[in-house]
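The next block holds one structure in the form of structure tokens; read it before the comments.
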Amino acid sequence: MAEFTKQVRDTFDFHRLVFRIGELGTMTGVSARQLRYWEKKGFITSQERTDGQQARVYTFKTLIKVSMMKHFLDMGFTLTAAEHQSTAREQRVKYIHRFISTGLQGLANIDGQMALNLGAFDDQQTLMAFLPDDGPITYRLLPNAEAQRLTDETDE
DNA sequence: ATTCTAACA
DNA sequence: TGTTAGTA
């Protein structure tokens, strides 16, 4: 792999992107006191540390959770209710992501237009979806071989 | 400079 | 929940 690509990858590898309590606080508008309390209640988690340090480390995932909880708190929910709402939304997002990633086989270029390969329609045909900049989505069925030939795999 | 826990004029 | 004290 090209060195440049590797550098870009590292830059955007948010698994390594972590925050301490002060940063997370200013980003979300939630006080350090609240963050520690929420953790004690089990609503959020901080990263386990093997080194002897005690300063909490939060992952990107926790940032999302805290942001959602803050959102629902501002809407007037109690802390417990806000946590439930956040968890429920997280589950819906996971479900939708699984639904889409399972169905999407890749992107195809057909007559210079981009289309989504939505997988097998039957034994011979593949369902393709076209997304125009304006107008509604349209669908076409292509022979499996042709669809295969025009599709760039999304996975790697 | 920042975070930690524990406690409250 | 905020704030403060005394640490690491």
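So that the names make sense, note that chain A is the first sequence line, chain B the second, and so on, each numbered from 1.
Of the possible donor and acceptor atoms, none in the side chain of A:Gln91 sits under 3.5 Å from a partner among the backbone N and O of A:Ala88.
In terms of position on DNA chain B, the residue among A:Arg33 and A:Glu23 whose nearest nucleotide sits closer to the 5' end is A:Glu23. For the pair A:Gln54 and A:Leu79, both in contact range of DNA chain C, the more 5′-proximal nearest nucleotide belongs to A:Leu79.
If you measure from atom CD of A:Gln34 to atom C1' of B:dC4, you get 18 Å, rounded to the nearest angstrom. Computed from coordinates, the A:Phe19 CZ to B:dT2 P distance equals 17 Å when rounded to whole Å. Straight-line distance from the CG atom of A:Leu35 to the P atom of B:dT2: 16 Å, rounded to whole Å. Distance A:Tyr37 OH to C:dT1 C1': 10 Å, rounded to the nearest Å. The nearest whole Å value for the distance from the CD atom in A:Glu39 to the P atom in B:dT5 is 8 Å. In this structure, the CD1 atom of A:Ile21 is 11 Å from the C1' atom of B:dT2, given to the nearest Å. Between A:Leu24 atom CG and B:dC4 atom C1' the separation is 16 Å, expressed in whole Å.
A salt bridge (Lys or Arg N to Asp or Glu O under 4.0 Å) check over residues 65-93 of chain A, counting only residues at least two apart or in different chains, returns the pairs A:Lys65-A:Glu83, A:Lys70-A:Asp74.
Pairing for B:dC4 is with C:dG6, a Watson-Crick or G-U wobble pair whose two hydrogen-bonding atom distances lie under 3.5 Å. Look at C:dT1: it lacks any Watson-Crick or wobble partner with both distances under 3.5 angstrom.
Picking from B:dT2, C:dG2, C:dT1 the nucleotide with the shortest atom distance to the side chain of A:Ser31 gives C:dG2. In this structure, of B:dT2, B:dT5, B:dA7, it is B:dT5 that holds the atom nearest to the side chain of A:Arg56.
Using a 4.5 Å cut-off between side-chain heavy atoms of Ile, Leu, Val, Met, Phe, Trp and Tyr, with links allowed through other members, A:Leu150 and A:Tyr139 fall into different hydrophobic clusters.
Relative ring orientation between A:Phe77 and A:Phe72 is described as perpendicular, the plane-to-plane angle rising above 60° on a 0-90° scale split at 30° and 60°.
A:Arg36 comes within 4.0 angstrom of a base, heavy atoms only.
Looking at heavy atoms from C-beta onward, A:Gln47 lies in side-chain contact with A:Thr59 at the 4.5 angstrom threshold.
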